[in-house]
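The next block holds one structure in the form of structure tokens; read it before the comments.
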Amino acid sequence: MDLLILGIVVLIYFLLTGYVGYVAWRRTETSEDYMVADRKAHPYIMAMSYGATFISTAAIVGFGGMAGVFGMGILWLVFLNILVGIFIAFVFFGKRTRKMGHNMSALTFPEFIGRRFRSRFLQYFGGAIIFLGMPLYASVVLIGAARFLETTVKIDFGIALILIALIVAVYVVMGGIKGVMYTDALQGTIMFLGMLFLVVSTYYILGGVVEAHQALTGISNLIPAEAKAVGATGWTSMPVYGSPYWWTLLSTIILGVGVGVLAQPQLIVRFMTVKSNRELNRGVLIGALFIFVMTWSAYVVGALSNVYFFRKAGMIAVEAAGGNADKIIPVFINSAMPEWFSYIFMLTLLSAAMSTLSSQFHVQGTSIGRDVYETIMRRKGDRSVLITRVGIIIAILIAVVLGYILPGSIIAQGTALFFGICAASFLSVYAAALFWKRATREGAIAGMVSGALVSLFWLLFEYKKTAMALGVTRVIFGGPVISSMPWPVVDPILVGVPVSALMLVVVSLMTEPPSREHLDKCFNGIKGV
């Protein structure tokens with residue numbers, strides 16, 4: 001009977017997804033359709049697509065699991081998600097991006113930067129960063145969904161990886177950005193309802209809001225000794241200021257994603273799919289409500305799972321999950337929730353994974369097809385769509401392979417690392433493109449290249465989590481990292497972004513400013529410039 005219910009639920013879900021993907025395919029005729037939905041997306045579809053792309057299994061499973069480890073301090077990320085990821089992104093960045101992208105006829109984020117600064121190098125270099133860096137992010141999203149399928153319906157982890165990737169591949173390759181956004185809107189709605197039910201049920205199981213939070217405070221003595229030694233104080237209090245635990249929570253988990261969201265290519269392109277600022281204004285409330293419910297629910301449930309597992313088994317959440325933070329949310333749901341909800345929530349996670357993966361694969365494909373191939377080969381036309389589709393398939397294969405080989409507890413870290421790389425490489429250049437007319441081509445190149453190189457250097461030689469895993473520093477210098485505290489726990493975003501911004505400003509001031517004619521074209525119709 002349970003298998004019958006599961007089969008019916010999954011069949012209905014895939015039929016709906018397939019139908020929406022088919023409609024998108026029928027409405028996709030040109031390159032502009034395939035890449036920016038002909039710039040006519042509905043505000044609900046745009047906002048839900050933005051939110052569903054932003055919130056993936058990485059947020060629900062990965063960061064929910066991190067909340068089980070770090071506690072309620074991670075709720076500062078909810079604040080940044082809404083303030084930066086929605087309000088600042090839509091109101092200040094989104095409106096200018098939409099209008100400027102239309103003025104320059106840009107169809108991708110690297111093309112937007114390249115045309116704003118009249119640089120082919122910026123376009124294909126930016127496209128290469130996206131195509132080479134995003135597989136890490138895509139793979140951890142895949143892992144999040146596959147882990148839940150593995151835990152809930154006992155599907156082999158490897159088979160689950162391949163199954164999810166194949167389903168996403170079909171409608172992304174066929175329908176382009178319309179296929180992505182239409183299915184995002186459907187999947188985002190499922191995600192919203194699933195997470196709302198989960199957080200309400202969790203509070204009910206634990207005896208209410210006040211009792212649940214008091215109970216979580218009351219078990220702070222169970223914090224592992226190794227966590228206390230590096231600054232942990234409890235699940236309802238912040239770590240010791242300046243400690244390794246504090247730096248990891250603040251710089252990697254909170255700032256890495258909270259600020260890095262502004263420079264996410266798969267999100268920025270959403271601003272270029274609507275026809276006016278009115279759609280963006282309408283999308284702010286929809287997006288803010290969606291992001292709040294999704295992130296707040298995941299983080300609260302992750303932290304409170306410690307109370308549940310303590311009451312049930314006398315252990316904390318990460319112990320119940322076998323030491324793998326990525327399994328905290330799946331294990332909690334399968335243990336605490338009714339079986340029928342596990343099946344429904346499986347659709348929530350599938351929706352979260354598929355909505356984000358589809359956008360990631362689409363932007364990787366357009367990066368290699370339009371930004372690298374077209375720019376270097378100087379070719380335009382339908383062939384770029386073919387190259388884009390091939391690029392999507394390659395990106396999917398890479399993500400599946402990485403999903404097999406990456407270690408446990410990697411989902412949140414992998415997400416934060418990619419957000420940090422994008423911020424270091426793109427954020428200063430993107431902000432200058434929108435708000436500083438004096439920025440020059442040479443300055444933009446210096447900013448993007450320096451940000452990318454400093455970020456890469458930090459990941460290889462100084463940031464402890466990645467440097468130790470990769471082992472390059474040990475081979476060259478004989479130790480895990482180059483220097484001592486606090487640098488090994490400082491995320492690359494706090495180093496790469498300032499260096500990128502400084503290089504952009506200094507080089508721009510030393511070189512000849514852009515022509516008035518070009519600036520007038522780029523900023524045509526943009527108020528306050």
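Computed from a predicted model, the values in this text were never measured in an experiment. These numbers come from the heavy atoms of this one structure, side chains and all, not from hydrogens, waters or symmetry mates.
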Contacts of Leu80 that satisfy side-chain contact (heavy atoms from CB on, under 4.5 Å) - sequence neighbours left out: Val84, Ile254, Leu255

Close side-chain approach of Val300 and Leu75, heavy atoms under 4.5 Å: yes

With sequence neighbours excluded, residues passing ring-ring contact (aromatic ring centres under 6.0 Å, His included) with Phe157: none

Contact check, side chains of Phe310 and Ile316, non-hydrogen atoms, under 4.5 Å: no

Side-chain heavy-atom pair Phe70, Trp235 within 4.5 angstrom cut-off: no

Heavy-atom side-chain proximity of Val259 to Ile493 below 4.5 angstrom: yes

Pairwise distance CD1(Ile60) to CE(Met195) - rounded to 0.5 angstrom: 5.0 Å

Partner set under ring-ring contact (aromatic ring centres under 6.0 Å, His included) for Phe426, not counting sequence neighbours: Phe109

For Ser201, side-chain contact (heavy atoms from CB on, under 4.5 Å) partners two or more places apart: Phe197, Met337

Pairs satisfying side-chain hydrogen bond (donor to acceptor under 3.5 Å, both in side chains), at least one member in residues 283-310, at least two apart: Tyr308-Ser335

side-chain contact (heavy atoms from CB on, under 4.5 Å) partners for Tyr204, two or more places apart: none

Thr202 side chain reached by Phe332 side chain, heavy atoms, under 4.5 Å: yes

Contact check, side chains of Trp458 and Val499, non-hydrogen atoms, under 4.5 Å: no

Side-chain touch Ile268/Phe93, heavy atoms, less than 4.5 angstrom: no

Residue list, side-chain contact (heavy atoms from CB on, under 4.5 Å) with Ser425, at least two apart or on another chain: Ile129, Ile421, Ala452

Test ring-ring contact (aromatic ring centres under 6.0 Å, His included) applied to Phe87 - qualifying residues, sequence neighbours left out: Phe92

Heavy-atom pair of closest approach, residues Ile253 and Leu77: O-CD2, 3.6 Å

Pairwise distance CZ(Phe131) to CD1(Ile394) - rounded to 0.5 angstrom: 5.0 Å

Taking every non-hydrogen atom, the tightest pair across Tyr404 and Leu161: N-CD1, 3.9 Å

Going by atom type alone, with no hydrogens or angles, which donor-acceptor pairs under 3.5 Å involve a side-chain atom of residues 208-225 and a protein atom two or more places apart or on another chain?
unit_1	atom_1	unit_2	atom_2	d
His213	NE2	Tyr203	OH	2.8
Thr217	OG1	His213	O	3.1
Thr217	OG1	Thr236	OG1	2.9
Ser220	OG	Thr217	O	3.3

Residue list, side chain to side chain donor-acceptor pair (under 3.5 Å) with Ser455, at least two apart or on another chain: none

Those residues that, when tested against Trp246, pass ring-ring contact (aromatic ring centres under 6.0 Å, His included) (two or more places apart): Tyr241

